[in-house]
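I have placed the structure first, in the form of structure tokens, so that the comments after it can refer back to it.
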Amino acid sequence: MAPKLQDSKLSFIGGGNMAAAIIGGLLNKGISKQNIYVSEPWEVNREKMAATGVRTTASNVEASQDADLVVLAVKPQVAKGVCQELASAWSGRSNAPVVISIAAGIELQSLRSWFKLSDGRTPHVIRVMPNTPALVGEGASGLFAADDVTESEKELATSLLSSVSKATEWVDKEELIDVVTGISGSGPAYFFAFVEHLIAAGTARGLSYEQAARLAKQTCFGAGKMLLESSDEPEQLRKNVTSPNGTTDAALKSFEASGFKEIVDKAVKAATDRGAELGRTLGKL
């Protein structure tokens, strides 16, 4: 049985923005700084991590040697080499750590192959797709586990991601991680682009940039908060704002005439398909 999060020794292989966000969330939950060990090749990132009080090193093996749970937070292009390095170091251990991979696009089959120990054992591996709002404690994460992952290990992963994610969703098919990528992984950029265009539309019609930006940003934030806090579904919330033949109705009809639904569907499909394609490509590196 996996230990509880507060009792676990945690290793982060990579100390970039997403790792830093998760570590910040863990510290806010009261996880001991001495239970967190981060390996990071870049000195500037190590110094940032060290400033939080957690232990740091440039050695992946050193950071992971006593870990109960290892978070693989490296760039996909270097994941294979890092996994094989760790597998070699763990081969003498009686119990390999649970691995949580946030390396975008790397499929479970590849991870399990790269992590195979010298005696044929494979660490239990979980894939996670977080998103950048985790940096402000408002993330959304999708998770998929290999068949050998236990319920207690899933609970450990859920506890870890819940430190920065308000929505933590397990999927039962690995290909659904690509759908998660299309909705929440890439999703923040869709909203940033929409607000960007709202600001441009406002300034084109006479508002100052600062005025349009404040109004558009707050509108996006307020609408998001209503979505989370209201018991109404998005469709009903939309209807609540829309008076027949009113201003909102005119705008929504313009969206409809431009094929807004199809635009969104095609965008999510494009991101989903690209995620699957990257997974196949990166697995061959």
Side-chain angles (χ1 to χ4, degrees), residues 1-42 45-74 78-79 81-103 111-112 114-119 121-128 130 134 137 139 141 143 145-146 148-165 168:
M1 179 177 292
K4 297 294 184 182
L5 185 64
Q6 62 267 27
D7 301 321
S8 298
K9 294 180 180 178
L10 310 173
S11 171
F12 286 78
I13 309 302
N17 286 338
M18 194 59 68
I22 296 173
I23 290 168
L26 293 172
L27 296 179
N28 288 337
K29 288 183 68 172
I31 301 300
S32 171
K33 296 175 182 178
Q34 289 305 302
N35 282 354
I36 301 174
Y37 211 161
V38 184
S39 65
E40 168 56 49
W42 296 100
N45 284 349
R46 280 203 310 277
E47 290 176 352
K48 289 179 182 178
M49 290 287 95
T52 69
V54 303
R55 295 185 294 162
T56 62
T57 178
S59 168
N60 296 329
V61 172
E62 180 182 352
S64 66
Q65 60 185 353
D66 297 321
D68 299 305
L69 186 150
V70 170
V71 179
L72 184 67
V74 299
V78 302
V82 171
C83 294
Q84 292 175 333
E85 175 193 16
L86 295 175
S88 177
W90 298 345
S91 288
R93 289 184 53 166
S94 57
N95 292 308
V98 178
V99 176
I100 292 180
S101 173
I102 61 174
L111 292 167
R112 287 171 60 83
W114 300 340
F115 270 120
K116 185 169 288 188
L117 309 186
S118 59
D119 59 6
R121 290 179 299 143
T122 302
H124 294 180
V125 182
I126 298 168
R127 280 188 65 189
V128 175
S141 299
L143 304 91
D148 53 7
V149 174
T150 67
E151 286 303 316
S152 63
E153 290 168 344
K154 288 183 179 180
E155 290 173 7
L156 185 62
T158 298
S159 295
L160 181 85
L161 271 299
S162 293
S163 66
V164 292
S165 295
T168 306

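We use all heavy atoms of the structure for the numbers below, so side chains are in, but hydrogens, waters and symmetry mates are not.
You'll find the side chain of Arg55 stays beyond 4.5 Å of the side chain of Val38, heavy atoms only. The shortest side-chain heavy-atom distance between Leu5 and Lys29 falls under the 4.5 Å cut-off. Side chains of Leu72 and Cys83 form a contact here, defined as non-hydrogen atoms less than 4.5 Å apart.
Residues passing the side-chain contact (heavy atoms from CB on, under 4.5 Å) test with Val128, sequence neighbours excluded: Ile100, Ile102, Ile126, Pro130, Ser141, Leu143, Leu161. Evaluation of the side chain to side chain donor-acceptor pair (under 3.5 Å) rule for Ser91 yields Ser118 as partners, not counting sequence neighbours. Listed by chain and number, the residues in a salt bridge (charged side-chain N to carboxylate O under 4.0 Å, His left out) with Arg46 amount to none (sequence neighbours excluded). Taking the side chain to side chain donor-acceptor pair (under 3.5 Å) definition, one finds that Thr122 meets it with nothing, sequence neighbours left out. Considering only residues two or more places apart in sequence or on other chains, Lys154 meets the side-chain contact (heavy atoms from CB on, under 4.5 Å) condition with Ala145, Val149, Glu151, Trp170. Considering only residues two or more places apart in sequence or on other chains, Asp66 meets the side chain to side chain donor-acceptor pair (under 3.5 Å) condition with none of them. Contacts of Ala96 classified as side-chain contact (heavy atoms from CB on, under 4.5 Å), with partners at least two apart in sequence or in another chain: Leu117, Pro123. With sequence neighbours excluded, the residues satisfying salt bridge (charged side-chain N to carboxylate O under 4.0 Å, His left out) with Arg121 are Asp119. Applying the side-chain contact (heavy atoms from CB on, under 4.5 Å) criterion to Thr57, with sequence neighbours excluded, gives Tyr37, Ser39, Ser59, Glu62, Ala63. Remark: Ser64 pairs with Trp90 by the side chain to side chain donor-acceptor pair (under 3.5 Å) rule, at least two apart or across chains.
Separation of atoms CD1 (Ile23) and OG (Ser163) is listed at 10.0 Å; rounding is to 0.5 Å. Taken from OG1 in Thr52 to CD in Glu47, the straight-line distance is 12.5 Å, to the nearest 0.5 Å. Here Trp114 contributes atom CH2 and Glu85 contributes atom CD; the two are 14.5 Å apart, rounded to the nearest 0.5 Å. Rounding to the nearest 0.5 Å places OG of Ser8 at 8.0 Å from CD1 of Ile31. Interatomic distance, Asn35 CG to Leu69 CG, rounded to the nearest 0.5 Å: 12.0 Å. Here the CD-NZ distance, from Gln84 to Lys116, works out to 12.0 Å after rounding to the nearest 0.5 Å.
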Test side chain to side chain contact (heavy atoms under 4.5 Å, CB included) applied to Gln65 and Arg93, step by step
CA-CA 9 Å; Gln65 60 185 353; Arg93 289 184 53 166; 5.7 Å; no
Apply side chain to side chain contact (heavy atoms under 4.5 Å, CB included) to Asp68 and Val98, showing your working.
CA-CA 6 Å; Asp68 299 305; Val98 178; over 6 Å; no
Apply the test side chain to side chain contact (heavy atoms under 4.5 Å, CB included) to residues Met49 and Glu40: give CA-CA distance (whole Å), side-chain angles for both, the deciding distance (0.1 Å), then the verdict.
CA-CA 9 Å; Met49 290 287 95; Glu40 168 56 49; 5.6 Å; no
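Here the closest non-hydrogen pair linking Ala146 and Arg112 is CB-NH1, 3.7 Å. The two residues Val74 and Ile13 have their closest heavy-atom pair at CG1-O, 3.2 Å. When all heavy atoms are compared, the tightest approach of Ile22 to Val164 is CA-CG1, 3.8 Å.
Judged by distance alone, the side chain of Thr150 and the main-chain N or O of Glu153 form a donor-acceptor pair under 3.5 Å.
For residues 47-69, no residue pair satisfies the ring-ring contact (aromatic ring centres under 6.0 Å, His included) rule, not counting sequence neighbours.
Residue Asp148 places its CG atom among more than 12 non-hydrogen atoms of other residues, nucleotides or ligands, all under 6.0 Å distant.
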